[in-house]
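All values reported here derive from a predicted model rather than from experimental measurement. Hydrogens, waters and symmetry mates are skipped; everything else that's a heavy atom, side chains included, is used.
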Amino acid sequence: MVPHFITALTGPINELEQRIIDSTPAIERWFRLEWMEHTPPFYASIDLRNSGFKLAPVDTNLFPSGWNNLTEPMLPLAVQATMASIEKICPEARNLLIIPENNNRSPSYLASLAQLQRIFKMSGLNVRFGSISPEVKKPVEINLPTGQSVVLEPVVRTKRRLGVKHFDPCTILLNNDLSAGVPGILEEIYEQYLLPPLHASWSVRRKSRHFQSYEEVAKRFGKMLGIDHWLIHPLFAKAEGLDFGQGSGMENLTTQVDALLAKIRRKYKEYGIKEKPFVMVKADNGTYGQGIMTVRDAKELPGLLATAGEKLGFVRDGVSVHDVIVQEGVQTSERMHDAVAEPVVYTMDRYVVGGFYRMHPERGVDENLNAPGSSYVPLAFAHSAQMPQPGLHPGASAPNRFYMYGVIGRLAMLAASYELEATDPDAEVYE
């Protein structure tokens with residue numbers, strides 16, 4: 001299913017699509033060589049924005065939920081990717097323990113867990129859910145409207161290993177971003193594989209670090225393709241040392257917003273773009289759709305902070321925010337069922353395994369769509385992400401458009417691997 005594209009068929013995004021389709025052999029070889037040098041994150045979801053003149057990732061989640069939004073035809077891809085990943089990490093793997101979010105009992109999240117369990121079972125693994133929430137003291141079975149059920153069990157920690165009663169896994173998969181910090185029960189696990197690593201959690205990770213890595217990847221990819229990397233990269237800046245409660249440090253934020261808007265205006269002028277530029281101000285330490293503000297003019301900031309500053313000052317689990325990323329706003333020119341939409345790409349190991357359009361009927365083209373009231377329409381990635389159709393007019397082929405989404409999604413995934421290497425506390429240093 002392809003959304004309604006507002007952009008004209010001669011728009012820059014179609015030129016980018018044509019360049020990507022024409023360069024498919026070079027692109028796939030480039031990725032193959034990169035993955036020989038870098039380890040992809042175990043899984044990820046990437047939010048993309050297609051403005052008609054640029055296509056860029058705006059967020060990369062290394063603890064993705066939403067697996068329930070992938071359709072049946074996508075599952076074989078996910079199973080194959082999982083098998084390939086497990087063979088690399090622990091070929092003799094038999095048992096997998098998934099650590100879910102602590103207090104999320106929403107039906108959609110539990111359905112996502114059930115879908116993950118199904119994917120791993122089809123990959124040849126026994127799967128159980130071990131909760132690190134202090135409230136889970138005995139196994140709890142939760143029935144879902146789909147007829148599936150999820151059993152949450154309290155984790156059991158011995159001196160060297162983590163598991164649940166009568167279940168000793170060789171691999172532990174985190175589906176909990178640990179926003180509030182890494183609990184002691186997950187530390188110093190040396191005999192089991194812990195995926196993603198603890199330094200991928202929001203207690204360590206920063207959006208600005210990710211997009212710094214992404215900029216490096218986009219520049220190299222752009223040079224290989226012969227394009228301006230700005231067409232696939234959102235400009236960004238960082239404002240540090242803010243206190244939204246006390247209102248201190250806001251001059252720094254105003255300066256960063258003003259400077260970034262000026263940079264975007266210059267790029268718009270260069271490309272003859274008539275749209276009014278805007279930036280998104282986001283908490284640097286993860287958001288989950290929280291703590292996000294749209295700013296079109298630095299002069300608006302005092303008023304916006306007066307009404308939304310308190311919300312921006314805290315993210316999930318009551319974690320306070322003192323640093324923000326100021327990111328170039330990429331409006332979306334895509335519509336689905338008359339609602340504003342954006343594509344979300346799902347990856348497992350080095351492969352694109354599926355995706356969907358996130359839609360929100362009450363949000364504008366320059367607003368965050370990851371908010372209450374959003375809904376999802378699956379993408380037909382299973383038949384198309386790796387199979388572009390050369391020779392077709394750009395903007396007219398769903399497989400070509402989805403292949404382009406998959407390429408940009410993989411660039412963000414590669415950036416995440418750069419980011420995790422740079423922040424690895426146990427990395428070997430060669431002088």
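The distance from the CG atom of Leu231 to the CG atom of Leu225 is 10.0 Å, given to the nearest 0.5 Å. Between atom OH of residue Tyr357 and atom CG of residue Leu48 there is a gap of 9.5 Å, rounded to the nearest 0.5 Å. The CG atom of Leu152 lies 7.0 Å from the CG atom of Leu110; values are rounded to the nearest 0.5 Å. Going from atom OG of Ser108 over to atom CH2 of Trp67 covers 15.0 Å, rounded to the nearest 0.5 Å. Between atom CG of residue Leu178 and atom CD of residue Glu101 there is a gap of 10.0 Å, rounded to the nearest 0.5 Å. To the nearest 0.5 Å, the span separating CG on Leu96 from CG on Leu173 amounts to 5.5 Å.
For Asn368 against Met280, the heavy-atom pair with the smallest separation is N-CE, 4.0 Å. For the residue pair Pro40 and Ser417, the shortest heavy atom distance occurs at CA-CB, 4.2 Å. Shown here for Asp349 and Met413, the closest heavy-atom pair between the two residues is O-SD, 3.0 Å. Across Ala84 and Tyr351, no two heavy atoms sit closer than the pair CB-CE1, 4.1 Å. Pairing each heavy atom of Met74 with each of Gly354, the nearest pair is SD-CA, 3.6 Å. Between Thr332 and Ala341, the shortest heavy-atom distance links the atoms OG1-O, 2.5 Å.
Among residues two or more places apart in sequence or in another chain, the side chain to side chain donor-acceptor pair (under 3.5 Å) test is passed with Tyr43 by Asn175. For Trp35, there are no ring pair (Phe, Tyr, Trp, His ring centres under 6.0 Å) partners at least two apart in sequence or on another chain.
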Residues 143-151 side chain polar contacts: donor-acceptor under 3.5 Å, at least two apart:
| unit_1 | atom_1 | unit_2 | atom_2 | d |
| --- | --- | --- | --- | --- |
| Thr146 | OG1 | Gln148 | N | 3.4 |
| Thr146 | OG1 | Gln148 | OE1 | 2.9 |
| Ser149 | OG | Glu141 | OE2 | 3.2 |

All N/O donor-acceptor pairs, side-chain side in residues 183-191, below 3.5 Å, sequence neighbours left out:
| unit_1 | atom_1 | unit_2 | atom_2 | d |
| --- | --- | --- | --- | --- |
| Glu191 | OE1 | Arg161 | NH1 | 3.4 |

Result block: side-chain N/O donor-acceptor pairs under 3.5 angstrom for residues 248-263, not counting sequence neighbours:
| unit_1 | atom_1 | unit_2 | atom_2 | d |
| --- | --- | --- | --- | --- |
| Asn252 | ND2 | Glu240 | O | 3.3 |
| Thr254 | OG1 | Met250 | O | 2.9 |
| Thr255 | OG1 | Glu251 | O | 2.9 |

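Within the 4.5 Å cutoff, no side-chain heavy atoms of Phe42 are placed close to those of Thr171. By the 4.5 Å heavy-atom criterion applied to side chains, Ile172 and Tyr193 are not counted as neighbours. Counting heavy atoms from C-beta on, the side chains of Gln115 and Phe120 never come closer than 4.5 Å. Between Tyr109 and Pro100, the closest side-chain pair of non-hydrogen atoms falls below 4.5 Å. Side-chain contact between Ile99 and Leu97 is present, with heavy atoms from C-beta onward closer than 4.5 Å. Looking at Val326 and Phe236, their side chains never come closer than 4.5 Å, going by heavy atoms from C-beta outward. Counting heavy atoms from C-beta on, the side chains of Val353 and Leu75 never come closer than 4.5 Å. Residues Gln117 and Phe129 form a side-chain contact, since some pair of their non-hydrogen atoms from C-beta on lies under 4.5 Å apart.
For an aromatic pair to be called close, the ring centres must be under 6.0 Å apart, and His229 with Phe221 fails this.
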>> For Phe211 and Leu235: C-alpha separation, side-chain torsions, deciding distance, then whether side chain to side chain contact (heavy atoms under 4.5 Å, CB included) applies.
In response: CA-CA 9 Å; Phe211 281 99; Leu235 298 172; over 6 Å; no

> Yes or no on side chain to side chain contact (heavy atoms under 4.5 Å, CB included) for Arg105 and Ile142, after CA distance, side-chain angles and deciding distance?
Replying inline: CA-CA 9 Å; Arg105 299 286 181 94; Ile142 306 165; 3.6 Å; yes

> Taking it one step at a time, do Arg363 and Glu342 satisfy salt bridge (Lys or Arg N to Asp or Glu O under 4.0 Å)?
Replying inline: CA-CA 12 Å; Arg363 292 285 171 120; Glu342 65 185 6; over 6 Å; no

> Do Glu328 and Arg265 pass the salt bridge (Lys or Arg N to Asp or Glu O under 4.0 Å) test, and can you show the C-alpha distance, the side-chain angles, and the key distance before you say yes or no?
Replying inline: CA-CA 11 Å; Glu328 175 186 355; Arg265 280 189 210 101; over 6 Å; no

>> Checking Asn95 against Asp168 for the side-chain hydrogen bond (donor to acceptor under 3.5 Å, both in side chains) test, could you report, in this order, the C-alpha distance in whole Å, the side-chain angles of both residues, the deciding distance, and whether it holds?
In response: CA-CA 7 Å; Asn95 296 336; Asp168 183 30; over 6 Å; no

>> The test is side chain to side chain contact (heavy atoms under 4.5 Å, CB included); show your working for Met293 and Val279 and say whether it passes.
In response: CA-CA 8 Å; Met293 186 166 62; Val279 298; over 6 Å; no

>> Working note: Asp323 + Arg206, criterion salt bridge (Lys or Arg N to Asp or Glu O under 4.0 Å); need CA distance, chi angles, decisive distance, verdict.
In response: CA-CA 9 Å; Asp323 302 338; Arg206 295 294 177 265; 5.2 Å; no

> Checking side chain to side chain contact (heavy atoms under 4.5 Å, CB included) for the pair Met348/Leu77: CA distance, chi angles, key distance, verdict?
Replying inline: CA-CA 9 Å; Met348 187 83 78; Leu77 269 179; over 6 Å; no

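Under a cut-off of 6.0 angstrom, the local environment of NZ in Lys121 is sparse, with at most 12 non-hydrogen atoms contributed by other residues, nucleotides or ligands. A 6.0 Å sphere centred on CZ of Arg29 holds no more than 12 heavy atoms belonging to other residues, nucleotides or ligands.
Under a 3.5 Å cut-off, the side chain of His199 and the backbone N or O of Leu420 do form a donor-acceptor pair. Using a distance-only test at 3.5 Å, with no hydrogens or angles considered, a donor-acceptor pair links the side chain of Ser213 to the main chain of Arg209. Checked by atom type and distance alone, the side chain of His322 pairs as donor or acceptor with a backbone atom of Leu242 at under 3.5 Å. A distance-only check finds a donor-acceptor pair linking the side chain of Arg128 to the backbone of Lys165 [under 3.5 Å]. In this structure, the side chain of Asp284 engages the main chain of Lys207 through a donor-acceptor pair within 3.5 Å. Here the side chain of Lys282 pairs no donor or acceptor atom with the backbone of Gln327 at under 3.5 angstrom. Ser85 contributes no side-chain N or O that, together with a main-chain N or O of Ala81, makes up a donor-acceptor pair within less than 3.5 Å. Judged by distance alone, the side chain of Lys137 and the main-chain N or O of Pro134 form a donor-acceptor pair under 3.5 Å. With Gln192 contributing its side chain and Leu162 its backbone, the two residues share a donor-acceptor pair below 3.5 Å.
No hydrogens or angles considered: nothing links the side chains of Asp177 and Ser201 as a donor-acceptor pair under 3.5 Å. No hydrogens or angles considered: a donor-acceptor pair under 3.5 Å links the side chains of Tyr418 and Glu34.
Judged as a side chain to side chain donor-acceptor pair (under 3.5 Å), the pairs with a partner in residues 292-305 (not counting sequence neighbours) are, in order, Arg296-Asp366.
By the 30° and 60° cut-offs, the orientation of the rings of Phe53 relative to Tyr268 is perpendicular.
Cation-pi geometry between Arg350 and Phe31 is not satisfied (NZ or CZ under 6.0 Å from the ring centre, within 45° of the ring normal).
The existence of a salt bridge linking Arg205 and Glu419 is confirmed by a sub-4.0 Å separation between a basic side-chain nitrogen and an acidic carboxylate oxygen.
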